[in-house]
Amino acid sequence: MGMKTYRLTKISAMSVFDRPREKLRDRGAESLSDIELMAILIGSGSKKNPVEKIASQVLKLTDESNIVLEADDFLSIEGIGPAKATLLAASMELSRRIYSPRNRKIMSPADIYPLLSHYGDRQQEYFFSICLNGAHEVIDITTVSKGILNRTIIHPREIFSTAIELRSASLVVAHNHPSGNLEPSKEDRDITYRLQKAGVLLGIELLDHVIFSHKGYYSFLEENKI
């Protein structure tokens, strides 16, 4: 059986007070999960492919893509026709233009968390590198890996390749803990110290390693562990 990426609950089975549209109206957009927000954009599904399942599939597609998605990319999902596909593409492009993290100044770990917090409810681990220029402004955010982290996957060459290409002055790495437990594991500590040493050799300083969930974050820098 494959790993489930999102927890799904049929919207029709929810209390009226917990349905996405009502929840947004009464509690604000920030109270909704990614899948609930996507379900509002999609609007409706079918008996064969209900809206919450379509929303999950759209989020999986966006998570796994390293390129800007076009309307045609969404047509592979059953229940997404040309009208919904163009709506999704337009919504994502508008969000990218308005809320792009590029050039956002990073002054503390608290500035990193909002950029990635929407991955906090994912049921798999995602590892990110955030490249910064000399003014500590974001140049690029790259998804390095997805799945269980280990020293083989999180290798310095994978982390620093984009930073070198973009002539980054410094780097922050981050990953989510699906369990919600923010305490770093031995593997997390080993990866951090290995990347820190590599950064010294390359002249690209590793400023921090942030571990996060939907509950909050842990910063190696704030805890004086880096």
Side-chain angles (χ1 to χ4, degrees), residues 5 34 59 62-68 95-96 99-226:
T5 308
D34 287 3
L59 286 173
T62 58
D63 280 353
E64 293 178 349
S65 176
N66 290 319
I67 60 172
V68 176
S95 297
R96 186 191 67 80
Y99 298 111
S100 172
R102 290 184 180 180
N103 301 320
R104 190 167 307 182
K105 199 172 184 69
I106 302 299
M107 300 299 294
S108 71
D111 296 325
I112 292 291
Y113 182 61
L115 301 179
L116 301 171
S117 60
H118 57 289
Y119 282 90
D121 62 354
R122 302 298 196 262
Q123 297 305 299
Q124 287 181 292
E125 291 192 9
Y126 287 76
F127 196 97
F128 304 91
S129 66
I130 300 99
C131 298
L132 307 176
N133 63 20
H136 283 196
E137 294 171 337
V138 175
I139 302 173
D140 182 75
I141 298 178
T142 301
T143 304
V144 178
S145 73
K146 183 182 73 171
I148 297 173
L149 305 185
N150 59 57
R151 288 167 62 95
T152 303
I153 296 173
I154 310 302
H155 192 280
R157 66 172 171 264
E158 306 298 332
I159 301 298
F160 286 95
S161 59
T162 302
I164 293 170
E165 180 183 347
L166 297 177
R167 300 181 182 275
S168 305
S170 57
L171 189 71
V172 174
V173 295
H175 78 279
N176 64 312
H177 272 186
S179 67
N181 178 9
L182 297 175
E183 190 66 25
S185 65
K186 182 181 184 300
E187 193 76 17
D188 294 336
R189 294 192 294 270
D190 289 347
I191 288 169
T192 303
Y193 302 142
R194 191 179 184 196
L195 295 177
Q196 187 178 24
K197 289 180 180 179
V200 171
L201 291 174
L202 293 169
I204 302 174
E205 183 182 6
L206 179 69
L207 297 178
D208 199 2
H209 182 175
V210 176
I211 299 171
F212 66 95
S213 72
H214 64 283
K215 298 177 181 178
Y217 70 89
Y218 173 100
S219 160
F220 276 74
L221 179 65
E222 287 184 344
E223 297 297 327
N224 298 312
K225 301 296 184 182
I226 195 171

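Residue numbers run from 1 in the order of the sequence given.
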K.L.:
Give the minimum heavy-atom separation between P178 and E125, together with the two atoms involved.
P.N.:
CD-CG, 3.4 Å

K.L.:
With sequence neighbours left out, write down each residue that passes side-chain contact (heavy atoms from CB on, under 4.5 Å) with S185, or none if nothing qualifies.
P.N.:
E187, D188

K.L.:
How many angstroms lie between atom OG of S117 and atom CG of N176, to the nearest 0.5 angstrom?
P.N.:
11.5 Å

K.L.:
Starting at CZ of F212, measure out to CG of L116 and round the result to the nearest 0.5 Å.
P.N.:
5.0 Å

K.L.:
List in chain and number order the residues that pass side-chain contact (heavy atoms from CB on, under 4.5 Å) with S108, two or more places apart in sequence or in another chain; answer none if no residue qualifies.
P.N.:
A110, D111

K.L.:
Going from NZ on K186 to CD1 on I191, what distance comes out if it is rounded to the nearest 0.5 angstrom?
P.N.:
10.5 Å

K.L.:
Could you go through residues 166-173 and list every donor-acceptor pair under 3.5 Å that involves a side-chain atom there, pairing it with any protein atom two or more places apart or in another chain?
P.N.:
residue: S168; atom: OG; partner: A163; partner atom: O; Å: 3.3

K.L.:
Roughly how far, to the nearest 0.5 Å, is the CG atom of L202 from the CD1 atom of I159?
P.N.:
12.0 Å

K.L.:
Please examine the side chains of H175 and I211, heavy atoms only from C-beta on, and report whether any two atoms are closer than 4.5 Å.
P.N.:
yes

K.L.:
Quick one: does V210's side chain get under 4.5 Å of I130's, heavy atoms only?
P.N.:
no

K.L.:
Which pair of heavy atoms, one from I204 and one from F160, lies closest together, and at what distance?
P.N.:
O-CE2, 3.7 Å

K.L.:
With no hydrogens and no angle check, is any side-chain donor or acceptor of Y119 less than 3.5 Å from a backbone partner on S213?
P.N.:
no

K.L.:
For a quick test of reading the model, state the closest non-hydrogen atom pair linking N181 to H177 and the distance between them.
P.N.:
O-ND1, 2.6 Å

K.L.:
Compile the donor-acceptor pairs under 3.5 Å between side chains in residues 219-226 and protein atoms, sequence neighbours left out, one pair per line.
P.N.:
residue: S219; atom: OG; partner: D208; partner atom: OD1; Å: 3.3
residue: S219; atom: OG; partner: D208; partner atom: OD2; Å: 2.7
residue: S219; atom: OG; partner: L221; partner atom: N; Å: 3.1
residue: S219; atom: OG; partner: E222; partner atom: N; Å: 2.9
residue: E222; atom: OE2; partner: Y217; partner atom: OH; Å: 3.1

K.L.:
Under the side-chain hydrogen bond (donor to acceptor under 3.5 Å, both in side chains) test, which residues partner T192, sequence neighbours left out?
P.N.:
H209

K.L.:
Would you give the length of the straight line joining atom CD of Q124 to atom OG of S145, rounded to the nearest 0.5 angstrom?
P.N.:
10.5 Å

K.L.:
Write down the atom of R122, the atom of L59, and the distance for their closest heavy-atom approach.
P.N.:
NH2-CD2, 4.4 Å

K.L.:
First locate atom CD1 of I106, then atom CG of N133, and finally report the distance between them rounded to the nearest 0.5 Å.
P.N.:
10.5 Å

